[in-house]
Protein chains: 2
Amino acid sequence: MKPQAPHCQSCQFKDSSLFKQCHLHELEELNESKCFNSYKKGQVIFHEGNRPLGIFCVYSGKVKVSRMGSDGKEQIIRLAKKGDTLGYRSLIDNTKYTASAIALDETEVCFIPAAEFNKLVDENVKVSTDLMKMLARALGDTQDKLIHLAMKPVRERLAEALLLLKSTYQEEGKNPFSISISREDLSSIVGTAKETVIRFLSEFKEDGIITTHGSEITILNPEKLVKISSMYD
Amino acid sequence: MKPQAPHCQSCQFKDSSLFKQCHLHELEELNESKCFNSYKKGQVIFHEGNRPLGIFCVYSGKVKVSRMGSDGKEQIIRLAKKGDTLGYRSLIDNTKYTASAIALDETEVCFIPAAEFNKLVDENVKVSTDLMKMLARALGDTQDKLIHLAMKPVRERLAEALLLLKSTYQEEGKNPFSISISREDLSSIVGTAKETVIRFLSEFKEDGIITTHGSEITILNPEKLVKISSMYD
DNA sequence: TTCAAAAACTGATAAAACTCATATTTTCCG
DNA sequence: CGGAAAATATGAGTTTTATCAGTTTTTGAA
């Protein structure tokens, strides 16, 4: 039997999530309206083109947010981890999802219906202020990605992507950092072909920066990756 | 003598700007604290790395928001026109500007100090809601740019850039659309080298899609550009 | 444990875009 | 108006990255 999500009032993320500034009675109501779900690796949490019906809070696992090109090529826009909020942009902008969210691991997510989310945002200024800052930060991050995609060659972007994975998913005290990720997904983060990613990974291996065992990548020397990623900054 | 900005209460954009939902007394206060400025072509409105002290409302002219790479290559993140708001992301996120705003034409801008802006956002929920939507839209737009940069070849991105210029800057009834823009700036929108832009522009000219006179580009056949830009959508 | 499918890897070649060099045109300042 | 500086335009050659084809390794289920 899988562990169910705890009550919102005792959630691991109650002091760090978007709802960290909620009152107890708000958390109580949130808890009543939320809906807990599990997703296996590869399962779709929400799909490009659909109408958003609420937002998602990741409780455990890893999620990619990505868009599919007509040629079947995928571009990953964001990586989400436990504690992160998903799908809020479309809801606020009142548009269909422009990207899909897909579990990269066994992932647990709470769904919060639009009505409840909107109520909370309307009634609690602190929540709406935090939401605004979250949007501003996301915009800044996306602009950074845009700039790097435009200005940096693949080798540097790959180094950066590995550092992003590390900074996003490294658990406290787990050193060195390891992650299991397909070369396909990695290439969709970097914005290049998977063969190109593989070639540069081989180079990084030769330089002792990483090691791999199957799809598992271990980062031995993050400092070198920092150097590579900011070669021309 | 240059025309000064009118009072905020009679501003051309009082019903379409970020402040469209303000009360009269709020517009009055806004008017008191605002500061009107003119910029010649090429002049910097705010500069990458500086701390934001307020936000900017474009009253007339054209503005590019761009970041400079260490190799001197520029990437344009956004094009702003009259009625647009500039510099709000950094202010909300409480970070230094990550890009610069530069006048592309003779441009007039109102500066609104951070204190006044924050007060308005805090006191008027409608303003903060609109601001939130503006951020959400900007995030969506930037994600689109990212996807296109990753997935579309230069020819398609150039077609898209020309359509962006048209949809942003075409004045009511002025047909066909013409704009004076350096190949350098155009390449900084597309994210490519200026020679590459020039080559594809020549191709578009041969196909009768555009004509040029010096740096002036006239779009004769926007439909063909739409087709080219979405070749693989 | 075995075996088949999937994924990682490697090599060869092709395509896209960049750089550099240079010619031509436009701009604009005196 | 003339001429220098700047910008546009074009060509050749190189670099980067993508594509395709094939081999090896890993993975996961029977």
Side-chain angles (χ1 to χ4, degrees), chain A residues 40-42 69-75 104-106 148-162 178-207 210-218 228 231-232, chain B residues 40-42 69-75 104-106 148-162 178-207 210-218 228 231-232:
Chain A
K40 290 194 201 314
K41 182 174 173 174
S70 54
D71 53 354
K73 207 177 284 179
E74 185 186 30
Q75 177 66 32
L104 289 173
D105 269 352
E106 174 76 25
H148 294 162
L149 189 57
M151 311 223 277
K152 290 183 178 185
V154 172
R155 194 176 118 97
E156 295 176 34
R157 302 208 308 273
L158 175 59
E160 196 162 65
L162 292 171
S178 277
I179 189 169
S180 181
I181 185 172
S182 74
R183 303 303 177 257
E184 191 96 49
D185 276 341
L186 195 46
S187 74
S188 299
I189 298 172
V190 174
T192 189
K194 66 170 183 294
E195 295 92 335
T196 306
V197 159
I198 290 171
R199 272 179 249 279
F200 283 114
L201 284 180
S202 301
E203 197 185 304
F204 290 171
K205 275 187 270 185
E206 280 166 26
D207 296 344
I210 61 168
T211 57
T212 66
H213 300 92
S215 69
E216 182 101 357
I217 297 173
T218 303
I228 291 169
M231 204 70 106
Y232 300 111
Chain B
K40 289 192 203 314
K41 181 175 174 174
S70 55
D71 53 354
K73 207 176 285 178
E74 184 186 31
Q75 177 66 33
L104 289 172
D105 269 351
E106 173 77 24
H148 294 161
L149 188 59
M151 312 223 275
K152 290 184 177 183
V154 171
R155 193 177 119 97
E156 295 177 35
R157 302 207 309 272
L158 175 59
E160 195 162 66
L162 291 172
S178 277
I179 189 168
S180 181
I181 184 170
S182 75
R183 303 304 177 259
E184 191 96 48
D185 276 341
L186 195 47
S187 73
S188 300
I189 299 172
V190 174
T192 190
K194 67 170 180 296
E195 293 93 334
T196 306
V197 159
I198 290 170
R199 271 179 250 279
F200 283 113
L201 284 179
S202 300
E203 198 185 304
F204 290 170
K205 274 188 269 185
E206 282 167 26
D207 297 346
I210 62 168
T211 57
T212 68
H213 300 92
S215 68
E216 184 100 356
I217 298 173
T218 304
I228 291 169
M231 204 69 107
Y232 299 112

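Every value quoted in this text rests on a predicted model; they were computed, and no experiment measured them. Any value given below was found using the heavy atoms of this structure, including those in side chains, with hydrogens, waters and symmetry copies removed. Order of the sequence lines sets the chain letters (A, B, ...), proteins ahead of strands, with each chain counted from 1.
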Exercise for the section: Take the C1' atoms of the five end pairs on each side of the helix from dT1(C)-dA30(D) to dG30(C)-dC1(D), derive the two axes, and give their angle rounded to 10 degrees. Expected result: 50°
Exercise for the section: Step by step, work out the side chain to side chain donor-acceptor pair (under 3.5 Å) result for Ser215(B) and Ser182(B). Expected result: CA-CA 6 Å; Ser215(B) 68; Ser182(B) 75; over 6 Å; no
Problem - Given DNA chain D, 5'-ward residue of the pair Ile181(B) and Phe200(A), judged by closest heavy atom - result: Ile181(B)
Handout entry: Atom pair CD1/CG of Ile210(B) and Leu201(B) - distance to nearest 0.5 Å
Key = 4.5 Å
Practice task
Using the test salt bridge (charged side-chain N to carboxylate O under 4.0 Å, His left out), find all partners of Arg155(B) that sit at least two apart in sequence or belong to another chain.
Solution key: Glu203(B)
Exercise for the section: In whole angstrom, give the distance that lies between atom CG of Leu158(B) and atom P of dA9(D). Expected result: 12 Å
Practice task
Would you give the length of the straight line joining atom CD1 of Ile217(A) to atom OG1 of Thr212(A), rounded to the nearest 0.5 angstrom?
Solution key: 7.0 Å
Handout entry: Within residues 187-199 of chain B, residues whose heavy atoms come under 4.0 Å of DNA chain C
Key = Thr192(B), Ala193(B), Glu195(B), Thr196(B), Arg199(B)
Problem - Separation of atom CE in Met151(A) from atom P in dT16(D), rounded to whole Å - result: 18 Å
Determine all donor-acceptor pairs shorter than 3.5 Å in which one atom belongs to a side chain in residues 184-198 of chain B; sequence neighbours excluded.
from	atom 1	to	atom 2	distance (Å)
Asp185(B)	OD1	Lys64(B)	NZ	2.8
Ser187(B)	OG	Arg183(B)	O	3.4
Ser187(B)	OG	Glu184(B)	O	2.7
Ser188(B)	OG	Glu74(B)	O	3.2
Ser188(B)	OG	Glu184(B)	O	3.1

Practice task
Sugar-phosphate atoms are those with a prime plus P, OP1 and OP2; base atoms are the rest. Using that split, label each nucleotide of nucleotides 25-30 of chain D B, S or - for protein heavy atoms under 4.0 Å, 5' to 3'.
Solution key: -S----
Practice task
Mark yes when over 12 heavy atoms from residues, nucleotides or ligands other than Lys41(B) sit less than 6.0 Å from its NZ; otherwise mark no.
Solution key: no
Practice task
With rounding to the nearest 0.5 Å, note down the distance linking CG in Leu162(A) to CD1 in Ile181(A).
Solution key: 8.5 Å
Fill in the blank from the handout: When rounded to whole Å, the CZ to P distance for the pair Arg183(A) and dT17(D) reads 19 Å
Problem - Exercise: identify the closest heavy-atom pair between Glu160(B) and Lys152(B) - result: OE2-NZ, 3.0 Å
Practice task
Might you point out which heavy atoms bring Arg157(A) and His148(A) nearest each other, and give the distance in Å?
Solution key: CD-O, 3.4 Å
Handout entry: Separation of atom CZ in Arg157(A) from atom C1' in dA18(D), rounded to whole Å
Key = 13 Å
Exercise for the section: Look up atom CD in Gln75(B) and atom CG in Leu149(A), then write down how far apart they are to the nearest 0.5 Å. Expected result: 9.0 Å
Completion exercise
Footprint ends on DNA chain C, 5' to 3', for atoms under 4.0 angstrom from a heavy atom of chain A, come out as dA8(C) to dA12(C)
